[in-house]
Amino acid sequence: MCGWSDPVLERFEIEEALVKSCGWVWWHENVLAISDRPIVINRDEQGRLHSEVGPSIAYRDGWQLHHWHGTSIPADWIEKRADLSPNTVIKAQNVEQRAAGAAIVGWPKMLSVLKSKTVDKHDNPDIGELIELTLPGLDEPGRFLKAVCPRNGLIVEGVPRVSDIDGLPINTALAAQAWRIGDPASEYTHPPVRT
């Protein structure tokens with residue numbers, strides 16, 4: 001377009017032609033590895049690899065990967081979802097995989113096998129309760145907000161012991177709700193109606 005010519009540009013023309021006709025390309029000193037384009041790519045609303053019903057990415061030769069909102073998970077967790085046990089999820093070494101597995105299995109089922117202790121319980125189930133769960137690999141029980149969401153049903157979300165917003169301990173469900181949306185506990189007002 002600018003009339004500029006350089007031998008280096010010829011190399012980019014090769015790359016451009018490859019990108020138009022194939023998938024990933026890995027250049028090495030004496031070898032060029034070229035991948036086929038995937039036949040399946042599933043993503044969530046944030047663009048992360050995700051599928052609740054099959055592989056998140058799959059190729060014609062049968063190679064595929066499974067992801068839950070960007071976290072790589074074993075294929076069985078999706079392909080045999082009905083058989084996925086909370087005990088299998090708990091044994092996963094990777095914390096992010098355990099969180100994904102808990103979402104796949106569902107928190108009501110997960111809570112049935114985890115040792116939980118209520119730290120604080122609010123009268124309003126929408127605000128919920130602050131609980132501690134003993135999980136493998138953690139030095140101390142993790143703190144979680146357990147509440148009823150009008151859209152998603154029961155939610156269980158991890159919260160820190162001390163808020164990074166106001167520097168105060170999170171010892172109540174209301175303080176956990178405040179932290180969850182980024183407010184200091186002293187300024188938080190729970191919405192009277194949630195949709």
Side-chain angles (χ1 to χ4, degrees), residues 42-53 66-74 76-78 80-195:
N42 292 306
R43 299 180 185 275
D44 65 12
E45 61 282 347
Q46 294 179 346
R48 300 172 297 189
L49 289 173
H50 173 77
S51 177
E52 298 181 17
V53 296
H66 292 73
H67 290 83
W68 187 266
H69 297 290
T71 300
S72 177
I73 54 171
D76 298 10
W77 289 18
I78 295 296
K80 298 178 182 175
R81 187 173 179 176
D83 300 330
L84 182 58
S85 158
N87 290 316
T88 301
V89 171
I90 291 170
K91 291 175 187 168
Q93 294 296 310
N94 183 296
V95 174
E96 290 171 353
Q97 279 188 337
R98 283 199 305 250
I104 294 166
V105 167
W107 276 105
K109 222 172 169 182
M110 287 299 295
L111 290 173
S112 71
V113 300
L114 293 171
K115 294 178 187 174
S116 69
K117 173 185 155 192
T118 300
V119 175
D120 176 66
K121 185 172 184 177
H122 198 276
D123 292 337
N124 182 348
D126 192 37
I127 295 173
E129 63 185 294
L130 182 63
I131 62 173
E132 287 186 344
L133 295 174
T134 303
L135 298 170
L138 295 179
D139 297 334
E140 61 183 352
R143 286 225 168 149
F144 295 83
L145 173 66
K146 175 183 166 188
V148 177
C149 173
R151 183 179 51 176
N152 300 317
L154 181 68
I155 61 160
V156 179
E157 294 181 358
V159 298
R161 290 182 176 275
V162 176
S163 171
D164 55 350
I165 297 157
D166 58 15
L168 297 174
I170 297 178
N171 292 325
T172 66
L174 209 53
Q177 286 281 359
W179 176 84
R180 185 173 178 247
I181 66 159
D183 281 352
S186 61
E187 296 176 17
Y188 178 74
T189 302
H190 196 68
V193 177
R194 293 179 65 188
T195 56

Item to complete: For Ser85, enumerate each residue passing the side-chain contact (heavy atoms from CB on, under 4.5 Å) test, keeping only those at least two apart in sequence or located in another chain.
Response: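 Per chain and number, Ser85 pairs via side-chain contact (heavy atoms from CB on, under 4.5 Å) with Asn87, Thr88.
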Worksheet item: Checking Gln46 side chain against His69 main chain: does a donor-acceptor pair fall under 3.5 Å?
Response: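 No.
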Worksheet item: Can you check whether Ala173's main-chain N or O pairs, donor with acceptor, with Asp120's side chain at less than 3.5 Å?
Response: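 Checked: pair present.
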Straight-line distance of [X] [atom1] to [Y] [atom2], nearest 0.5 Å:
X: Leu114; Y: Ile90; atom1: CG; atom2: CD1; answer: 4.0 Å
X: Thr172; Y: Tyr188; atom1: OG1; atom2: OH; answer: 10.5 Å
X: Asp123; Y: Lys121; atom1: CG; atom2: NZ; answer: 9.0 Å
X: His190; Y: His122; atom1: NE2; atom2: NE2; answer: 8.0 Å
X: Glu129; Y: Asn124; atom1: CD; atom2: CG; answer: 12.5 Å
X: Lys117; Y: Leu130; atom1: NZ; atom2: CG; answer: 10.5 Å

Worksheet entry | Geometric class of the Phe144/Trp107 ring pair [parallel <30°, tilted 30-60°, perpendicular >60°] |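 Geometry flag for Phe144 against Trp107: tilted rings.
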Of all heavy-atom pairs between [X] and [Y], which one has the smallest distance, and what is that distance?
X: Arg143; Y: Asn171; answer: NH1-OD1, 3.0 Å
X: Ala92; Y: Trp77; answer: CB-CH2, 4.0 Å
X: Ser51; Y: Ile78; answer: O-CD1, 3.4 Å
X: Val89; Y: Ala102; answer: CG1-N, 3.6 Å
X: Ile73; Y: Gln97; answer: CA-NE2, 3.9 Å
X: His66; Y: Pro74; answer: CB-O, 4.5 Å

Discussion item. Under the salt bridge (charged side-chain N to carboxylate O under 4.0 Å, His left out) definition, can you give me all pairs with a residue in residues 161-171, not counting sequence neighbours?
Written reply: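 The answer is Glu132-Arg161, Glu140-Arg161.
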Worksheet item: With distance as the sole criterion, is a donor-acceptor pair present between the side chains of Glu96 and Thr71 under 3.5 Å?
Response: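 There is no such pair (donor and acceptor under 3.5 Å, judged by atom type) between the side chains of Glu96 and Thr71.
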Practice prompt. Could you pull out all residues at least two apart from Asp44 that satisfy salt bridge (Lys or Arg N to Asp or Glu O under 4.0 Å)?
Written response: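 Only Arg48 meet the salt bridge (Lys or Arg N to Asp or Glu O under 4.0 Å) criterion with Asp44.
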Worksheet item: So, His67 versus His50, ring centres under 6.0 angstrom or not?
Response: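 That pair fails the under 6.0 Å test.
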Side chains of [X] and [Y]: does their closest heavy-atom pair fall under 4.5 Å?
X: Arg180; Y: Glu157; answer: yes
X: Leu84; Y: Ile104; answer: yes
X: Leu111; Y: Val156; answer: yes
X: Ile155; Y: Val148; answer: no
X: Glu52; Y: Asn42; answer: no
X: Ile131; Y: Leu133; answer: yes
X: Leu49; Y: Trp68; answer: no
X: Val162; Y: Ile170; answer: no

Discussion item. How about NZ on Lys91, more than 12 heavy atoms from neighbouring residues, nucleotides or ligands closer than 6.0 Å, or not?
Written reply: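 No.
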Worksheet item: Taking everything shown except Glu45 itself, do over 12 heavy atoms lie less than 6.0 Å from its CD?
Response: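 For Glu45, atom CD is crowded (more than 12 foreign heavy atoms under 6.0 Å).
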